[in-house]
Amino acid sequence: MSERFDFTGDELAPAYRAAVDAIEAGDLVVLPTDTVYGLAADAFKADAVQRLLDAKGRGRDMPPPVLISVVESLDALATDVPDSGRKLAQEFWPGPLTLICHAQTSLLWDLGESQGTVALRVPDHEQTRELLSRTGPLAVSSANKSGRPAALDVYDAEEQLAESVAVYLDGGEVSGAQPSTIVDITGETPRVVRVGALSLEQLRAVVPEVTTDDEPTPPEPKPDGETAAGAEATTADAGEPATAPEKPAADDATAAGAGDGAGTGGEEKLGEKPTDQRGRASNGEKTDSDVRPAD
């Protein structure tokens, strides 16, 4: 039977204890984030991650992102992190930024068909970060059935997910204004996969070379003497505004690129589970969008 705990105020010990016990048992926990409510599982228990995917009604082709408690956990879960990625993390974590990174090859986990990547975020929610420091990294997707709006309060999450969740943490209503912005840092230059709460201008103020697929490609200069017919053809093609290819919806707790292989999640790897000072693993959502690809 599911249990609900108050996750506000000063008396949080019962909530923390119940959530940690549930995660250690391989069960699911619903928790608040700075974007939407998230559905969480131990990132290092493959059966728990599969239980998360089953509860949402989604496949392994959309692996969940991983939430971590501190910026310093980045290198425990990701490898080959470029300086640009570190600058973004230092500037915007905790906050609504999800970074798609190369996953550490030594990790023992299976988040789904992640193509060797993992989407990481540090949420700007004090109680949830404290929980993450106690549990270690959590695979977190938005708390909703796939295709339905992400829950903005614990009661909506309960209505959608019911008894598939062991513990519901009631942190009140969350803003849900915008999902996290997702940036892929696995290539030569950082690439915006989804613009969310952070704008392209904000990102470029920190890392000017950030690119996005949504920006139009500047036209090549025309050689002198080109016929008017060529120009007319170009004009005709531009009769309707160009639009970027439609991107699949993804949880920010799923990263928006996870479903197409650019997103969150890690693949099954052999090795040791990194530990933090507490001896556990170091810590890694309005429509099915912010807690991976949803926050």
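Nearest heavy-atom pair, V174 versus P32, reported as atom, atom and distance to 0.1 Å: CG1-CB, 4.1 Å. Heavy atoms only, all atoms of each residue included: V165 and L28 are closest at CG1-O, 3.5 Å. Pairing each heavy atom of L161 with each of A55, the nearest pair is CD2-O, 3.8 Å. In plain terms, the two heavy atoms of L169 and V154 that are nearest each other are O-CG2, 4.0 Å. K56 and S142 make their closest contact through NZ-O, 2.7 Å (heavy atoms, listed as atom of the first residue, atom of the second, distance). Nearest approach of A143 to A157, heavy atoms of both residues: CB-CB, 4.1 Å.
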If you apply the rule side chain to side chain contact (heavy atoms under 4.5 Å, CB included), what do you find for E158 with S2, and how did you get there?
CA-CA 9 Å; E158 283 185 283; S2 299; 5.6 Å; no
Requested in this report: Check the pair L12, F5 against side chain to side chain contact (heavy atoms under 4.5 Å, CB included), reporting the backbone distance first and the verdict last.
Outcome: CA-CA 9 Å; L12 299 178; F5 293 86; over 6 Å; no
- Apply side chain to side chain contact (heavy atoms under 4.5 Å, CB included) to the pair M62 and S141, showing each step before the final yes or no. CA-CA 10 Å; M62 296 187 72; S141 183; over 6 Å; no
Between R129 and D34, is the salt bridge (Lys or Arg N to Asp or Glu O under 4.0 Å) condition met? List the steps.
CA-CA 11 Å; R129 290 200 308 278; D34 48 331; over 6 Å; no
*asked:* Evaluate L200 against V210 for side chain to side chain contact (heavy atoms under 4.5 Å, CB included), listing each step before the verdict.
replied: CA-CA 8 Å; L200 186 59; V210 170; 3.8 Å; yes
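Side-chain contact between W109 and V66: present, with at least one pair of heavy atoms (C-beta onward) separated by less than 4.5 Å. S84 has its side chain within reach of E209: a pair of non-hydrogen atoms, C-beta onward, lies under 4.5 Å apart. Proximity of L138 to L31: side-chain heavy atoms (C-beta onward) are separated by under 4.5 Å at one or more points. Under the 4.5 Å side-chain criterion, counting only non-hydrogen atoms from C-beta, P63 is not in contact with V118. Using a 4.5 Å cut-off on side-chain heavy atoms (C-beta onward), T128 and L132 make contact. At least one side-chain heavy atom of L74 sits under 4.5 Å from a side-chain heavy atom of W93.
The backbone N or O of D170 sits nowhere less than 3.5 Å from a side-chain atom of R4 that would complete a donor-acceptor pair. Judged by distance alone, with hydrogens and angles left aside, the side-chain atoms of Q104 form a donor-acceptor pair with the main-chain N or O of D75 at under 3.5 Å. In this structure, Q160 contributes its side chain and K145 its backbone to a donor-acceptor pair below 3.5 Å. Looking only at distances, no side-chain donor or acceptor of S73 sits under 3.5 Å from a matching main-chain atom of A76. Proximity of a side-chain donor or acceptor of H102 to a complementary backbone N or O of T79 within less than 3.5 Å is not detected.
D47 contributes atom CG, which lies 9.0 Å from atom CG of D42 (distance to the nearest 0.5 angstrom). To the nearest 0.5 angstrom, Y168 atom OH is 12.0 Å from D153 atom CG. One distance of note links CG of L152 with OH of Y37; it measures 9.5 Å at 0.5 Å rounding. Distance check: Q50 CD to D110 CG gives 8.5 Å after rounding to the nearest 0.5 Å. In this structure, OG1 on T186 lies 7.5 Å from CZ on R191, to the nearest 0.5 angstrom. For the atom pair CD1 of I23 and CZ of R134, the computed distance is 13.5 Å after rounding to the nearest 0.5 Å.
Residue pairs meeting the side-chain hydrogen bond (donor to acceptor under 3.5 Å, both in side chains) criterion with at least one partner in residues 8-22, sequence neighbours excluded, are D6-T8.
The neighbour count for E188 CD, taken as heavy atoms of other residues, nucleotides or ligands under 6.0 Å away, does not exceed 12.
A side chain to side chain contact (heavy atoms under 4.5 Å, CB included) with L120 holds for exactly one of I185, L67, L77; it is L77.
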